[in-house]
Amino acid sequence: MFTGFSSFLSLAVFGRNFWREIASRWALLLNSCGEEGSHCQARWFFQGGAEAPLFFKARYWHQQHQKFRDQRRILTPKMEATSSKTESTLQKSSLDVCTESNKRQHKSTSDTVIPSVDMESIQNLDSDEDTTLGLDEFSGLSPYERKRLKNISENANFFASLHLSASAARLREMIKKRQPPESKRKMPKKRENGTGCRRSMRLLKVDPSGVSLPATPTQPTLIADENPLLPPGPLEMTPENRDDDNDLFKGFLQTWAEVSKTNIKNTEKELSSIKNYKANLNGMVINEDTVHKVTKGPILSVALHPSEIRTLVAAGAKSGQVGLWDLTHQSEEDGIYVFQPHSQPVSCLYFSPANPAHILSLSYDGTLRCGDFSRAIFEEVCRDERSSFSSFDFLGEDASTLIVGHWNGNISLVDRRTPGTSYEKLINSSLRKIRTVHVHPVHRQYFITAGLRDTHIYDARHLNPRGSQPLISLTEHTKSIASAYFSPLTGNRVVTTCADCKLRIFDSSCISSQIPLLTTIRHNTITGRWLTRFQAVWDPKQEDCVIVGSMAHPRRVEIFHETGKQVHSFFGGECLVSVCSINAMHPTRYILAGGNSSGKIHVFMN
């Protein structure tokens, strides 16, 4: 019905703008036909009823169309057939065009400008001549009807010439035939006759002449242990840096075997004043003759022989070596002897308090040995291949009974008087790891252990193999603990070294349920990966002072009072250019020995 105005309508517009165009065209159509009442009614509906639903608008214009058709003449059968055929063709073509347009684009515009209609073109419809249909066949039609039928015929011919149905069918076939691209990457074909990549004859197992080499039989490869355990039993005291039949070494053993024990234990001895103590410390110096490399690798333990006449320094290394340095000799090379009694690091080293001619060493390899200068052997005291030892100390003053700490948190009691190398009792402690073990110097039934973050004090008389609870737990530490030691004369103080850069001193004069914290000393204890961890130790002569290494520059060894005040710092200038992590003081003389992480021993002495 609206095909006469198809050139003004947009088929892609549906909704409000579409019906606005319909209202305008109907108003113009009714105006040209003299239907002034309907025109006014349509104009009013368009302006005043713009918010009405589209359904009512469509119904209204459908009623107007029915009324308009009733007022027209009835078409002749021939004209009606022609009109029906043309309208059906146009509707089919219009439907295809609309469907194709909706697939490409479907957008709604808020306001579409209504195209102006030339009123003259509507009024001149009477003067247009019909070139498609003859006047004889449609002589009874009005000019508008003739123009309408003409437009219907032209539109049908135009859409038929476009062949939209055939184009749509071809497009559907093309879409069906189209296949998705392959996701896998196509591998290039290998050239059969081309030259391949060059490969060595060794990889191809071909000798230079081109003959294939015989296949080598595969044999199981045995992975050698980096640190194999040394055989059980006593080991000969043979220096690695000397010949076996060296007369100088024999003289060294004989000299130290004849050295008698010096009584240095005197609990009633009064401590010297800090002023006198500082004066004696100021007289200690270091020079090139008192610095030498003794062992291979970092030093983990240092001990000084209690002799009043001669000076002997012992060092335990990470490589399992035990080095002895006699500073009494004029030549440094003549006084150094290195032994290999262990296969893993030597973490603890002591001269026997009962016989200074014996030196006891403990290692991570689960062995505890005693070096006897008189017999020139390293006797095996205790051996446990299933566990790793960390530290030990003497329970009795006669050095017959020992207490040994394990890295897995166990504690074992060893009696040297019984035959064999096994422990007497194995105790399960409440710690996951034990780094150091130290016995009270007066009340020797008490001993202190340093674990990961806790320090416990136990009573050796109440140890239970199934599990022992400590008498006292020191829980003030926030990070890993490196060591814990009683003061050497009275045991009234405990010093601990922690990774939180603090040295803590506790009052252990009365061992009860709690031990109060006396002093906290700020000290840099972060040594890193390649340096041995610091361990603060007491001075045997002045039990209210502790000795510890330092990370400060220039390099030094520091001494602090139990109140936290710094007493003295040992500077060595060019002779001390590294960090001395492990330090030990002579029990009666003013001699300090410090070991670094390269195997060097630095000795400060008067």
Side-chain angles (χ1 to χ4, degrees), residues 274 277-278 281-282 284 286 298-302 347 391 433 435-436 438 448-455 474-488 491-508 515-573 576-585 590 592-598 600-602 604:
I274 295 298
Y277 182 65
K278 285 184 177 180
L281 295 179
N282 290 330
M284 300 171 62
I286 189 174
I299 293 176
L300 303 183
S301 55
V302 176
S347 58
S391 179
K433 285 186 178 181
R435 297 185 184 274
T436 61
H438 194 241
I448 187 171
T449 60
L452 290 178
R453 293 194 178 184
D454 294 332
T455 301
L474 307 180
T475 60
E476 288 81 0
H477 306 86
T478 59
K479 290 188 178 181
S480 175
I481 303 172
S483 62
Y485 296 106
F486 284 109
S487 56
N492 292 335
R493 297 290 185 267
V494 172
V495 60
T496 62
T497 308
C498 185
D500 58 0
C501 295
K502 292 179 181 179
L503 307 179
R504 293 176 173 86
I505 298 177
F506 299 86
D507 183 7
S508 59
I515 291 181
L517 176 64
L518 291 181
T519 310
T520 300
I521 304 173
R522 296 286 301 178
H523 187 71
N524 185 9
T525 58
I526 307 301
T527 56
R529 177 181 179 184
W530 306 109
L531 298 181
T532 306
R533 295 186 65 178
F534 289 157
Q535 292 186 5
V537 295
W538 297 98
D539 187 348
K541 301 179 297 299
Q542 194 82 14
E543 70 165 7
D544 56 353
C545 295
V546 295
I547 306 167
V548 64
S550 176
M551 295 291 294
H553 288 276
R555 299 306 186 189
R556 68 196 72 174
V557 178
E558 296 178 328
I559 297 181
F560 293 94
H561 193 260
E562 63 179 11
T563 58
K565 296 181 180 179
Q566 185 175 357
V567 177
H568 186 74
S569 293
F570 293 97
F571 294 95
L576 182 62
V577 294
S578 59
V579 177
C580 290
S581 301
I582 306 298
N583 302 277
M585 183 73 82
Y590 282 91
L592 172 68
N596 66 4
S597 296
S598 63
K600 279 187 178 182
I601 293 291
H602 302 75
F604 292 84

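Only heavy atoms go into these numbers, but all of them, side chains included; no hydrogens, no water, no symmetry mates. These numbers come from a predicted model, not from an experiment.
The line from CG of Asn583 to CD1 of Ile547 is 7.0 Å long, rounded to the nearest 0.5 Å. Atom CD1 in Ile582 sits 7.5 Å away from atom OG in Ser301 (nearest 0.5 Å). Note that the CE atom of Met551 and the CG atom of Leu531 stand 5.5 Å from one another [nearest 0.5 Å]. Separation of atoms CD1 (Ile505) and OG1 (Thr563) is listed at 8.0 Å; rounding is to 0.5 Å. A distance of 11.0 Å separates OH of Tyr590 from CG of Asn282, quoted to the nearest 0.5 Å. Note that the CG atom of Leu452 and the CZ atom of Arg435 stand 6.0 Å from one another [nearest 0.5 Å].
Under the 3.5 Å distance criterion, the side-chain polar atoms of Thr497 are left unmatched by any main-chain donor or acceptor of Ala482. Between the Ser581 side chain and the Phe534 main chain, no donor and acceptor come within less than 3.5 Å of each other. In this structure, Ser391 contributes its side chain and Ser347 its backbone to no donor-acceptor pair below 3.5 Å. No side-chain donor-acceptor contact under 3.5 Å links Thr532 to the backbone of Leu300.
Scored by the ring pair (Phe, Tyr, Trp, His ring centres under 6.0 Å) test, His438 finds Tyr485 as partners (sequence neighbours excluded). His568 is linked by a ring pair (Phe, Tyr, Trp, His ring centres under 6.0 Å) to Phe570, counting only residues two or more places apart in sequence or in another chain. The side chain to side chain donor-acceptor pair (under 3.5 Å) check on His523 picks up Glu558, with sequence neighbours excluded.
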Step-by-step side-chain contact (heavy atoms from CB on, under 4.5 Å) determination, His561 to Asp544: CA-CA 6 Å; His561 193 260; Asp544 56 353; 3.1 Å; yes
Worked check of side-chain contact (heavy atoms from CB on, under 4.5 Å) between Ser487 and Glu562: CA-CA 11 Å; Ser487 56; Glu562 63 179 11; over 6 Å; no
Verdict with supporting geometry, Phe506 and Thr455, side-chain contact (heavy atoms from CB on, under 4.5 Å): CA-CA 11 Å; Phe506 299 86; Thr455 301; over 6 Å; no
Arg493 vs Leu518, side-chain contact (heavy atoms from CB on, under 4.5 Å): CA-CA, chis, key distance, verdict: CA-CA 9 Å; Arg493 297 290 185 267; Leu518 291 181; 3.3 Å; yes
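The closest side-chain donor-acceptor pair between His477 and Asp454, if any, does not fall under 3.5 angstrom.
Considering every non-hydrogen atom in both Thr525 and Cys498, the closest pair reads OG1-O, 2.8 Å. The minimum heavy-atom distance between Ser480 and Arg453, with the atom names listed, is N-CG, 4.3 Å. Contact record, Ile299 with Gly595: CD1-CA, 4.0 Å, taken as the closest heavy-atom pair. Nearest heavy atom pair, residue Val557 against residue Cys580, reads CG2-CB, 4.1 Å. In terms of heavy-atom proximity, Ala584 sits nearest to Leu592 at O-CD1, 3.3 Å. The two residues Gly491 and Ser508 come nearest to each other via the heavy atoms O-OG, 2.6 Å.
Residues Val537 and Ser483 have side chains not in contact (no heavy-atom distance under 4.5 Å, counting atoms from C-beta outward). Contact of the Ile521 side chain with the Gln566 side chain is not registered, since no non-hydrogen atoms from C-beta on lie closer than 4.5 Å. Using a 4.5 Å heavy-atom threshold, the side chains of Leu281 and Ile559 count as touching. Counting heavy atoms from C-beta on, the side chains of Val579 and Ser597 never come closer than 4.5 Å. By the 4.5 Å heavy-atom criterion applied to side chains, Phe571 and Pro554 are counted as neighbours. The closest side-chain heavy-atom distance from His602 to Asn596 is below 4.5 Å. Two residues are said to be in side-chain contact when any heavy atoms from C-beta on lie closer than 4.5 Å; Arg504 and Val495 fail this criterion. Between Arg555 and Ser578, every side-chain heavy-atom pair lies at or beyond the 4.5 Å cut-off.
With Leu474 as reference, Ile515 is the one residue of Leu517, Ile515, Ile481 to meet the side-chain contact (heavy atoms from CB on, under 4.5 Å) rule.
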